[in-house]
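First the structure, in the form of structure tokens, and then the observations on it.
A note on names: the letters A, B, ... follow the listed sequences, proteins ahead of strands, and every chain is numbered from 1.
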Number of protein chains: 2
Amino acid sequence: MNITEDILITYGAVARKYEKGSYLFHEDSMPYYFYQILSGVVKLFSTSSEGRELTQGLFTDGQSFGEPPLLLGKCYPSTAQAVADSVVVKLRKEHFESILHDYPELYQRLLYTFASRIYHKATAAQIWVRQTPEQKIVHFLKTNKASHTANAMEQVPYTRQQIADFTGLRVETVIRTLMKMKAKRLVKIDDHKLYY
Amino acid sequence: MNITEDILITYGAVARKYEKGSYLFHEDSMPYYFYQILSGVVKLFSTSSEGRELTQGLFTDGQSFGEPPLLLGKCYPSTAQAVADSVVVKLRKEHFESILHDYPELYQRLLYTFASRIYHKATAAQIWVRQTPEQKIVHFLKTNKASHTANAMEQVPYTRQQIADFTGLRVETVIRTLMKMKAKRLVKIDDHKLYY
DNA sequence: CGGTTACTTGACTAGCTTCAAGCCTTGTGG
DNA sequence: CCACAAGGCTTGAAGCTAGTCAAGTAACCG
């Protein structure tokens with residue numbers, strides 16, 4: 001979902017810079033703002049009681065995030081952190097709701113965005129829960145490859161640790177599994193760089 | 001989300017009876033209908049390549065399900081099965097879209113329904129992926145108890161197998177974990193019946 | 001060049017799954 | 001009312017595999 005910049009500005013939104021590593025909001029805090037990224041990358045993740053991290057999603061230019069808790073008035077289930085220097089537009093909840101009210105076609109847009117997120121989570125759930133590390137990694141690589149050309153091997157822009165955080169596996173497991181997948185020709189590894 | 005019955009009828013919806021155990025749609029098939037339950041219970045689940053089942057959700061009187069793939073025009077990621085004799089209203093996609101078009105306030109309703117589903121999935125994901133069996137079971141029991149009174153122990157209307165299908169664990173693991181939880185006084189088990 | 005971050009490997013462990021068997025409870029039909 | 005079948009529950013033993021811990025190596029960046 002994304003709202004044109006001029007509408008956002010008209011309704012009082014302000015753009016703010018976030019340095020790489022800084023936080024936009026924290027798990028368990030209440031939402032007050034609608035967020036939309038102008039440039040950069042924001043990661044949503046939740047932390048378990050043991051301090052382990054699970055990446056819930058990565059968002060980039062033109063995308064908004066964190067709307068469900070905002071609409072529901074419930075506290076955030078995850079933390080938002082800039083993983084690159086980013087510029088993000090912030091708009092107070094009330095004004096966001098005014099925009100929705102004044103531009104009903106945005107309801108539809110947002111609805112499709114949500115539908116798509118639910119769809120992905122449903123597909124992911126099946127993988128999350130039961131499958132082998134290899135299946136988890138394959139699913140991650142498939143759904144997160146930049147271009148959607150099925151054929152060509154392209155470099156994967158994620159570290160082993162990031163793959164681990166997405167899949168819920170440990171780094172060592174990711175590495176060992178990737179080694180096996182390399183043997184099976186499912187992936188290519190050159191100079192520690194991963195291709196899929 | 002639920003649409004009043006008279007609107008549904010006006011737009012050509014038909015109610016149909018489904019016997020316990022029968023299927024409303026199958027994984028990987030294309031969606032053509034909007035479904036809303038008049039009475040009964042419908043289970044959405046997906047099946048892994050090894051034939052293991054993961055319950056994605058249970059839906060009952062007044063609730064609709066399967067809208068995201070319908071809106072997106074993508075095939076179903078899960079199968080819908082009546083787990084009790086049920087009466088379900090079916091409405092063709094085009095007519096469902098007409099309703100949304102004619103009653104824009106339904107966009108908002110559906111949006112909040114979706115927001116809520118995303119919220120739950122995000123909370124669940126954290127549990128799915130990393131936690132111990134006990135944490136998974138506690139989370140399941142918490143989110144699926146009928147009344148939301150935090151105090152009183154009430155009987156859990158699910159079999160061990162159903163809990164296993166929801167949490168992604170095996171029956172034996174569920175049983176053994178419940179035994180430990182019983183020792184800790186987290187649950188009560190009387191005559192094999194489970195209370196939480 | 002040096003420090004930091006990412007990657008890799010091995011040994012060991014814990015705990016979930018698997019397999020196999022048996023018990024309990026419920027409902028049905030004679 | 002009893003017998004029996006079917007489905008749900010329980011238990012034990014054994015195996016596997018991802019997690020853990022520890023150490024070391026390789027790339028990247030200023």
Residues two or more places apart in sequence or in another chain: which of them pass ring pair (Phe, Tyr, Trp, His ring centres under 6.0 Å) with B:Tyr107? none

Does A:His101 NE2 have over 12 foreign heavy atoms under 6.0 Å away? no

Which whole-number value in Å describes the distance from A:Ile175 CD1 to D:dG24 P? 17 Å

Near A:Glu19 CD, under 6.0 Å, is it more than 12 heavy atoms from other residues, nucleotides or ligands? no

Provide, to the nearest angstrom, the distance between the CD atom belonging to A:Gln161 and the P atom belonging to C:dT4. 19 Å

To the nearest Å, give me how far apart CD1 (A:Ile189) and C1' (D:dA26) are. 14 Å

B:Phe25 vs B:Phe65 aromatic rings, parallel, tilted or perpendicular, using cut-offs 30° and 60°? tilted

Could you state the atom-to-atom distance from NZ of B:Lys182 to P of D:dC9 in whole Å? 14 Å

Check nucleotides 19-22 of chain D against the protein and report each pair of N or O atoms closer than 3.5 Å, with its distance, or say if there are none.
{"residue": "D:dG19", "atom": "OP2", "partner": "A:Arg170", "partner atom": "N", "Å": "3.4"}
{"residue": "D:dG19", "atom": "OP2", "partner": "A:Thr173", "partner atom": "OG1", "Å": "2.5"}
{"residue": "D:dT20", "atom": "OP2", "partner": "A:Arg170", "partner atom": "NE", "Å": "3.2"}
{"residue": "D:dT20", "atom": "OP2", "partner": "A:Arg170", "partner atom": "NH1", "Å": "2.1"}
{"residue": "D:dT20", "atom": "O4", "partner": "A:Arg176", "partner atom": "NH2", "Å": "2.8"}
{"residue": "D:dC21", "atom": "N4", "partner": "A:Glu172", "partner atom": "OE2", "Å": "3.0"}

A:Ile163 CD1 to D:dA18 C1', straight-line distance once rounded to whole Å: 17 Å

Please step through ring-ring contact (aromatic ring centres under 6.0 Å, His included) for the pair B:Tyr158 and B:Phe140, ending with a clear verdict. CA-CA 11 Å; B:Tyr158 300 99; B:Phe140 169 78; 5.2 Å; yes

Value in whole Å for how far the P atom of C:dC7 lies from CG of A:Leu178: 10 Å

In this structure, CZ of B:Phe114 is separated from OG of B:Ser116 (nearest 0.5 Å) by 11.5 Å

Separation of A:Asp191 atom CG from D:dA26 atom P, in whole Å? 12 Å

In whole angstrom, what separates A:Met179's CE from C:dC7's P? 10 Å

Mind checking B:Lys136 for me? I need base, sugar-phosphate or nothing, with any heavy atom below 4.0 Å counting as a touch. nothing

Nearest-nucleotide wise, let me know which of A:Lys193 and A:Pro133 is further upstream toward the 5' end of DNA chain D. A:Pro133

